[in-house]
Amino acid sequence: MTVRVRFAPSPTGRLHLGNVRAALLNWLFARKSNGRFLLRLDDTDKERSRPEFATAIEDDLRWLGISWDEFARQSDRLDRYEAAAEKLKADGRLYACFETPEELKLRRFGQIADGGAQVYDRAALRLTERQVADYAAEGRRPHWRFRLEHAETGWEDLIRGRCAYHGTKLSDPVLVRADGMPTYTLASVVDDVEFAVSHVVRGEDHVTNTAVQIQIFEALGQAAGELKFAHFPLISDIGGHSLSKRLGSLSIENLRNDGIEPSSITSLIARLGTSDPIEVMEKPADLVDGFSFSKFGRASPKLDPDEIVRINAKLVHRLPFSAVADRLPAGADAAFWESVRPNLSKVGDAVEWWSIARSAVMPINAEPDFLTEAARLLPPEPWSADTWGAWTKALGASTGRKGKELFLPLRLALTAREHGPEMKSLMPMIGRSRTLARLEGRKA
RNA sequence: GUCCCCAUCGUCUAGAGGCCCAGGACGGCACCCUCUCACGGUGCAGACCGGGGUUCGAAUCCCCGUGGGGACGCCA
């Protein structure tokens, strides 16, 4: 059996860490199994779906390095859902309901007050033909619910193990809205059938849906057990609470604007909550080997936003010049990149060191006497990687200083920073005239 | 409120009754390297949510409690 999976976002917002995890895990599973990965836009909600979000989702996925083998849009397939709905009506599994959204809302409030289960009471099933005719005469358009089997529906989840729900604990789902549009619940199952999806991989916010979807799947004539499920736990914030409140700051758009590399995101997201260590991988394909649902735990992992930056720093320390050349300031070469790289946590931070090497810097000159002596001993050009060593050795001998006392004032004078890349590689880039001026406390 | 799930170092986890006075990774700390910092290397500290049971023996099984997550939409 060929593995076919799908990532099915609704274009009602940008991608964030939570969504992307679903996309990545599906993609990894497809790659691991030599299967196919389908991107499907679940845009049956006309009110909230927007084409610009669809475009943004595709852009974000491409940026992350997640590619898809097939593409579908639910709004292109409405005839398929209508055909399925007709079949279910013919089989007596879909029944017309006339409650307004307001009535349903009130009924739910009442159920909460009574402490009862918030399950649709199937009032529409008890409507007489006369009542139905009256509603029609009033001009009310029905919405359609799927009559659930009041039995236990279960499945063997690839992450959660045995799961089961009893039909009496579930509401008959609305499959067709009063305006005739299908809901996600119908469209999703129809697509899973027609695209021959083999595994549904998604967050555990969908577990309860699964029992319902299996019933619809069967009502559509599919054999139970043909579709496998894997529900992974949702990520929580560092305090252990739902991540949803801070999704904005964890949107892919935001992380990208912050200078985070796509691989830092995929490296973290693919391994978080698994028994594999979180390692820096240069591309998503490097995460395929060893990927397995059996390595996922059932508890919600906490995500520390600092972790993303730490991973990014490690990644940047390894990136070759060729991978970043087009993002460095004009003129920056491989030698520059390799000398500043170990001190960066983001590629963009390189510009700061480029300007320290090539533009005017106001030095921090706390010890003029010492720096005057340093200027006196400054070797003539040409300078190399050995110049710093020779210079500081001579300066140490002449002043009796060593260690931090010797080196820190020089670093402050030459770069105006306490920390930074190795001075021996920075110094030739700064050059003698600029160095001399900075030692004398002049901006240069 | 009802239903489902979860609970081991700060974090991600290993652990399916004796192999565990609990192992690994990240972070932290210390030391080394070196030209201060960073990078790199080595080492150290650090946890079984609480209470009852079952058992010769429980991190592991059962019950209760507590804490957390999810679901209960004419959203997906």
Side-chain angles (χ1 to χ4, degrees), chain A residues 8-13 42-45 47-49 74 97 99-101 104-105 108 111-120 141-145 157 160-161 163-166 168-171 173-185 187-188 202-209 211 231 233-236 238-243 268 271-279 295-304 306-307 310-311 313-314 317 340-345 388-389 391-393 396 402-412 417-424:
Chain A
S10 63
T12 54
D42 283 8
D43 57 353
T44 54
D45 185 343
E47 305 292 303
R48 301 193 304 151
S49 296
Q74 289 192 328
C97 300
E99 296 92 342
T100 63
L104 291 171
K105 203 171 180 178
R108 273 196 295 273
Q111 287 169 331
I112 292 171
D114 297 346
Q118 292 176 63
V119 170
Y120 177 63
R141 305 290 310 150
H143 57 279
W144 299 78
R145 287 187 192 260
D157 196 281
R160 297 165 66 88
C163 297
Y165 287 87
H166 198 94
T168 48
K169 298 286 195 296
L170 273 12
S171 280
V174 173
L175 260 37
V176 180
R177 298 176 168 95
D179 67 1
M181 282 289 280
T183 60
Y184 151 84
T185 312
S188 174
R202 59 200 345 183
E204 70 175 15
D205 49 338
H206 283 283
V207 266
T208 317
N209 289 336
H231 291 94
L234 266 20
I235 298 170
S236 64
I238 198 65
H241 301 286
S242 164
L243 204 63
L268 207 215
R271 294 281 183 85
L272 185 71
T274 74
S275 51
D276 281 332
I278 292 166
E279 296 169 297
K295 292 178 177 173
F296 282 78
R298 295 221 261 169
S300 339
K302 301 187 184 78
L303 181 127
D304 181 357
D306 293 343
E307 182 92 6
R310 277 199 293 268
I311 291 170
K314 286 200 175 184
H317 298 164
V340 301
R341 181 174 68 169
N343 283 80
L344 307 179
S345 57
W388 168 261
W391 180 43
T392 53
K393 197 174 171 192
K402 59 183 172 144
K404 186 176 182 176
E405 215 189 6
L406 171 64
F407 300 111
L408 191 54
L410 297 177
R411 175 178 287 282
L412 286 169
R417 300 282 187 284
E418 242 180 273
H419 316 293
E422 290 200 56
M423 290 303 298
K424 72 173 183 188

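Chain letters run A, B, ... following the sequence lines, proteins first and then strands; every chain starts at 1.
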[atom1] atoms of [N] and [M], separation to the nearest Å:
| N | M | atom1 | answer |
| --- | --- | --- | --- |
| B:rC62 | B:rC19 | C1' | 25 Å |
| B:rA59 | B:rG40 | P | 38 Å |
| B:rA7 | B:rC49 | P | 9 Å |
| B:rC9 | B:rG27 | C1' | 11 Å |
| B:rU42 | B:rG52 | C1' | 46 Å |
| B:rC48 | B:rC21 | C1' | 13 Å |
| B:rG24 | B:rA14 | P | 15 Å |
| B:rG46 | B:rG51 | C1' | 26 Å |

On a heavy-atom basis, which atom in [X] and which in [Y] lie closest, and how many Å separate them?
| X | Y | result |
| --- | --- | --- |
| A:L344 | A:V340 | CG-O, 3.4 Å |
| A:L234 | A:P301 | O-CD, 3.8 Å |
| A:R177 | A:P182 | NH1-O, 2.7 Å |
| A:E204 | A:R160 | OE1-NH1, 2.8 Å |
| A:F296 | A:L272 | CE2-O, 4.4 Å |
| A:M181 | A:T44 | CE-O, 3.2 Å |

Rounded to the nearest Å, what distance is computed from the [atom1] atom of residue [X] to the [atom2] atom of nucleotide [N]?
| X | N | atom1 | atom2 | answer |
| --- | --- | --- | --- | --- |
| A:R48 | B:rG73 | CZ | P | 15 Å |
| A:Q118 | B:rG70 | CD | C1' | 14 Å |
| A:D157 | B:rC5 | CG | C1' | 11 Å |
| A:D205 | B:rG73 | CG | P | 15 Å |
| A:M181 | B:rC75 | CE | P | 10 Å |
| A:L104 | B:rC74 | CG | P | 6 Å |
| A:D43 | B:rC75 | CG | C1' | 13 Å |
| A:D45 | B:rA76 | CG | P | 5 Å |

Partner nucleotide, any strand, of [N] [Watson-Crick/G-U, under 3.5 Å]:
| N | answer |
| --- | --- |
| B:rU11 | B:rA25 |
| B:rC3 | B:rG70 |
| B:rA47 | none |
| B:rA16 | none |
| B:rA38 | none |

note = Quick tally for nucleotides 8-14 of chain B: nucleotides whose base has a protein heavy atom under 4.0 Å get B, sugar-phosphate-only ones S, the rest -, giving ---SSSS
request  = Indicate for each nucleotide in nucleotides 38-49 of chain B, in 5' to 3' sequence, whether protein heavy atoms under 4.0 Å reach the base (B), only the sugar-phosphate (S), or nothing (-).
outcome  = BS----------
Counting heavy atoms from C-beta on, name the nucleotide in [options] closest to the side chain of [X].
| X | options | answer |
| --- | --- | --- |
| A:R145 | B:rG69, B:rC4, B:rC74 | B:rC74 |
| A:K424 | B:rC35, B:rC74, B:rG69 | B:rC35 |
| A:S242 | B:rG70, B:rC35, B:rU2 | B:rG70 |

Side-chain N or O of [X] closer than 4.0 Å to phosphate OP1/OP2 of [N]:
| X | N | result |
| --- | --- | --- |
| A:R202 | B:rG70 | no |
| A:T44 | B:rA76 | yes |
| A:T183 | B:rC75 | no |
| A:H206 | B:rA76 | no |

query = A:E405 or A:T12: which one's nearest nucleotide on RNA chain B is closer to the 5' end?
reply = A:E405
Inter-residue atom distance A:Y184.OH - A:N209.CG, 0.5 Å rounding = 5.5 Å
key: Atom pair CZ (A:R145) and OG1 (A:T185), whose distance is rounded to the nearest 0.5 Å   = 11.0 Å
ask   = Looking at residues at least two apart in the chain, or sitting in another chain, which of them share a side chain to side chain donor-acceptor pair (under 3.5 Å) with A:D276?
value = A:K295
message = The criterion is side chain to side chain donor-acceptor pair (under 3.5 Å); which residues satisfy it with A:E422, sequence neighbours excluded?
response = none
message = Under 3.5 Å, is there any donor-acceptor pair linking the side chain of A:N209 to the base of B:rA71?
response = no
Review item, nucleotides 63-66 of chain B N/O atoms under 3.5 Å of protein N/O:
none

key: Qualifying residues under salt bridge (charged side-chain N to carboxylate O under 4.0 Å, His left out), relative to A:R48, sequence neighbours excluded   = A:D45
